[in-house]
Participant: 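Here it is: the structure, laid out below.
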Amino acid sequence: MSELRTLRNYINGEFVDAADGRTLDIIDPTTGEAYATSPLSGAADVDAAMAAADAAFPIWRDATPSTRQKLLLKIADAVEARADEIVDAEVRNTGKPRGLTLSEEIGPMVDQIRFFAGAARLLEGKAAGEYMDGMTSIVRREPVGVCAQVAPWNYPMMMAVWKFAPAIAAGNTVVLKPSDTTPASTVLLAEIIGGIIKDLELPAGIFNVICGDRETGRLMVEHRTPAMASITGSVRAGIQVAESASRDVKRVHLELGGKAPVVVFEDADIAEAVEGISVAGFFNAGQDCTAATRVLVHESIHDAFVEALAKAAADTKTGGVDDEDVLYGPLNNANQLKQVSGFIERLPAHAKVEAGGHRVGDKGYFYAPTVVSGLNQDDEIIQNEVFGPVITVQRFTDEDQAVSYANGVEFALASSVWTKDHARAMRMSRRLDFGCVWINTHIPLVAEMPHGGFKKSGYGKDLSSYGFEDYTRVKHVMTAI
C-alpha cells in the first residue's frame, strides 16, 4: 500500500497540523480505500483560525474595493491556470469523471469569482438625502465581520467558491471548513489563495481553512468570534447550525436539501424532456440539491415517458474518473451508498423499479442509474431527499394536482416545468413554491442569478447581487446640518 498523502490546515498563512495531532482518513470513493489523512481539528485549531481572521478583519474591511477586486481577479486567474491540478485533487476527493469536472466546474468557478470581483466595486448604500428638517441621512453598506463557513462534499471546490468569493468581495474574512470526506481541493485552494495574499502583502488571516468533522463545524458556529455562519448541507445540519448560532444571535446563511419537482405536461416533447431530465437527474450521481429526481408526468403521456426514461437510464454509464462516456462516478461515501440503497430496499409493494436499483461492482460506491414508478405522494422516497442517481415518477391528472404534488414536500429549492404553453408556464412559475423555477430545462446556473430556497431548503441566497448582499450589513448615518 502506498504512503498516505498528508493534508494540513491553513491558518494565518501557514500550513499546520491539528494542535492535538488527531487525523481523519480520507477515502477514495472509487476504491473505498484511504489515500490521505487530514487534520481532525478541535477547539484550539478553531481558536487559532478565528484569531487570525479576526486580526485581519479591520485591515481588510478598510481596504478599497479595487484592492478586493484585484485579489479576487488574481485568484480567478490562478484557478484557471492551475485547472488540471485542481481537478486532479477534486476527482480524487469525489471520484467524478475528470473530463466533466474540468469542463463543467472550472469554467463556472472562475466566472463566479470574477463576478464577485466586479461586485466588490458596487458595494454602496443609498445616496444622501434629507428625510427630516435639518438632518442629512446616508446609508453605509459594510462587511459583516468574520465568517464561519462550512462547505459540503457534493461539489467541494465549487461550493468553496460560493462561500469565500462573496464574503471576501464584501470585505469579510473567512474561516472555511470543507467536508470531512472531501478536503483535498479546498486545501489546494488555500495554497493558491494564500500565495496570492502573500504576494499582494495583504493580511494572511483573510482566508483560513480548517479540516475536521461535524464537531469541528459545531465549534466554529458556536465560537464567539464569527459574526456570520454559512453552511451548505443537510437539513439536520442546518437546523443544528441555526440553533447554535441563535445563542449569540449570529447571522445565518443556509443552503440545505432539495426535492425538485419536474412537472411534464402532455404537450411537452417527450424525447427532449427525457434527455434533459435524465442528465439533470443523474449528473454527479444525483448528489445535487437541485437534481431532477422527482418527476410528475401528465397521465396521458405517463407510460410513454416512463418507457423512454427507463431506456435513457439504461443507456447512462457510471464509472471511474478516466472511463469514457461516463456521466457520473461513485456516491461520495459508504454512508451515502447505504442511504441510497436503503430507499430502494424499503420501496412499497406498489412501486416498480423500471431501471437500475442496485449497486455496480463490489469496489467503491457506484450505484446504477435508477428509475422508480408507481409511487404515491406520501411514500418515503417522494417525501425525503435520496441524494443519489434515482429518479421517481408520479402521474397527475391536471394542473391543480400537479401543483399540489409539487408543493407537497418540506423542501423548496428548485423546480422545473416542461410545456409548450407559455401561459401555463407562467402560471406554474407563480404557483410553484420553490426558489428557482426552470422552464423546459433543468439545472443551469449563472453567476448573475440567485440560488436559494424556501421552507426546509433554508434561507439566504448564493450567487448574484442578492448573495453578495447577504455578506453585508446596512448602517444609517444621520448628520445635523
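Quick caveat, the model's predicted, so the values are computed rather than measured. Just so you know, residue 1 is the first one in the sequence shown, and it goes up from there.
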Participant: Any non-hydrogen side-chain atom of L331 less than 4.5 Å from a side-chain atom of F366?
Facilitator: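 L331 vs F366: side chains apart.
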Participant: Parallel under 30°, tilted from 30 to 60°, perpendicular over 60°: which one fits the rings of H451 and W162?
Facilitator: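 Perpendicular, since the angle between the ring planes exceeds 60°.
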Participant: Under the side chain to side chain contact (heavy atoms under 4.5 Å, CB included) criterion, do Q339 and V386 qualify, and how do the steps go?
Facilitator: CA-CA 7 Å; Q339 173 171 308; V386 178; 5.6 Å; no
Participant: So do the side chains of S38 and T23 get within less than 4.5 Å of each other, counting heavy atoms only?
Facilitator: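 In short, these two side chains do not touch, never coming nearer than 4.5 Å.
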Participant: Does F387 reach the side chain of C289, with side-chain heavy atoms less than 4.5 Å apart?
Facilitator: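 Touching, per the 4.5 Å side-chain cut-off.
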Participant: Check step by step if salt bridge (Lys or Arg N to Asp or Glu O under 4.0 Å) holds for R22 and D17.
Facilitator: CA-CA 8 Å; R22 292 184 301 160; D17 297 321; over 6 Å; no
Participant: Is a side-chain N or O of T318 found less than 3.5 angstrom from the main chain of G329, in a donor-acceptor match?
Facilitator: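 Answer holds: yes.
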Participant: When you look at N332 and T182, which way does the side chain to side chain contact (heavy atoms under 4.5 Å, CB included) test go after all the steps?
Facilitator: CA-CA 9 Å; N332 181 258; T182 56; 3.4 Å; yes
Participant: Is it the case that more than 12 heavy atoms not belonging to K250 sit under 6.0 Å from its NZ atom?
Facilitator: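 Atom NZ in K250 is crowded, with more than 12 foreign heavy atoms closer than 6.0 Å.
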Participant: When you measure from the side chain of T37 to the backbone N and O of L7, does any donor-acceptor pair fall under 3.5 Å?
Facilitator: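 Between the backbone of L7 and the side chain of T37 there is no qualifying donor-acceptor contact (under 3.5 Å).
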Participant: Less than 4.5 Å apart, side chain to side chain, heavy atoms only: is that true for L73 and K70?
Facilitator: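 No - every pair of side-chain heavy atoms lies 4.5 Å or more apart.
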Participant: Testing the 3.5 Å rule here: is there a donor-acceptor pair between the side chains of K163 and S230?
Facilitator: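 Result is yes, a qualifying pair exists.
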Participant: With side chains defined as the heavy atoms from C-beta onward, is the minimum distance between R92 and Y35 less than 4.5 Å?
Facilitator: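 Yes, close enough: below the 4.5 Å cut-off.
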Participant: Counting only heavy atoms not in E275 (residues, nucleotides, ligands), do more than 12 fall under 6.0 Å from its CD?
Facilitator: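 Result for CD/E275: open.
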Participant: Enumerate donor-acceptor pairs with a distance under 3.5 Å from any side-chain N or O in residues 47-63 to protein atoms, sequence neighbours excluded.
Facilitator:
residue, atom, partner, partner atom, Å
D47, OD1, H223, NE2, 2.7
W60, NE1, I168, O, 3.1
W60, NE1, N172, O, 3.3

Participant: Checking salt bridge (Lys or Arg N to Asp or Glu O under 4.0 Å) for the pair K461/D470: CA distance, chi angles, key distance, verdict?
Facilitator: CA-CA 7 Å; K461 297 297 182 184; D470 281 353; over 6 Å; no
Participant: Indicate whether any N or O donor in one side chain lies under 3.5 Å from an N or O acceptor in the other, for S464 and E448.
Facilitator: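 No.
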Participant: Between R247 and E222 (salt bridge meaning N to carboxylate O under 4.0 Å), is one present in this structure?
Facilitator: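 Yes, this pair counts.
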Participant: Does E385 come within less than 4.0 Å of K259, counting only side-chain N to carboxylate O?
Facilitator: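 Looking at K259 together with E385, the answer is no, because their closest N to O distance does not fall below 4.0 Å.
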Participant: Under 3.5 Å, sequence neighbours excluded: what are the donor-acceptor pairs made by side chains of residues 203-216?
Facilitator:
residue, atom, partner, partner atom, Å
N208, OD1, N12, N, 2.9
N208, ND2, V174, O, 3.1
N208, ND2, G205, O, 2.8
D213, OD1, E215, N, 3.1
D213, OD1, T216, N, 3.2
D213, OD1, T216, OG1, 3.3
E215, OE1, R218, NE, 2.9
E215, OE1, R218, NH2, 3.4
E215, OE2, R218, NE, 3.4
E215, OE2, R218, NH2, 2.4
T216, OG1, S41, O, 2.8
T216, OG1, D213, N, 3.1

Participant: Checking Q149 against I231 for the side chain to side chain contact (heavy atoms under 4.5 Å, CB included) test, could you report, in this order, the C-alpha distance in whole Å, the side-chain angles of both residues, the deciding distance, and whether it holds?
Facilitator: CA-CA 6 Å; Q149 302 184 315; I231 177 176; over 6 Å; no
Participant: Give the C-alpha distance, both sets of side-chain angles, the deciding distance and a yes or no for side chain to side chain contact (heavy atoms under 4.5 Å, CB included) between Y155 and D288.
Facilitator: CA-CA 8 Å; Y155 292 98; D288 190 311; 2.9 Å; yes
Participant: Taking atom CZ as the centre, does F15 end up with more than 12 heavy-atom neighbours from other residues, nucleotides or ligands that are less than 6.0 angstrom away?
Facilitator: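 Check passes, neighbour count above 12.
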Participant: If the threshold is 4.0 Å, N to carboxylate O, is there a salt bridge linking E410 and K455?
Facilitator: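 Not counted as a salt bridge, because no side-chain N and carboxylate O are separated by less than 4.0 Å.
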Participant: Is it true that D77 and R114 have a side-chain N and a carboxylate O under 4.0 angstrom from each other?
Facilitator: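 R114 and D77: salt-bridged.
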Participant: With salt bridge (Lys or Arg N to Asp or Glu O under 4.0 Å) as the test, would you mind laying out the steps for E90 and R98 before giving the verdict?
Facilitator: CA-CA 9 Å; E90 186 75 345; R98 188 185 308 275; over 6 Å; no
Participant: For the pair T392 and R294, evaluate side chain to side chain donor-acceptor pair (under 3.5 Å) and give the outcome as yes or no after the intermediate values.
Facilitator: CA-CA 5 Å; T392 63; R294 184 168 62 103; over 6 Å; no
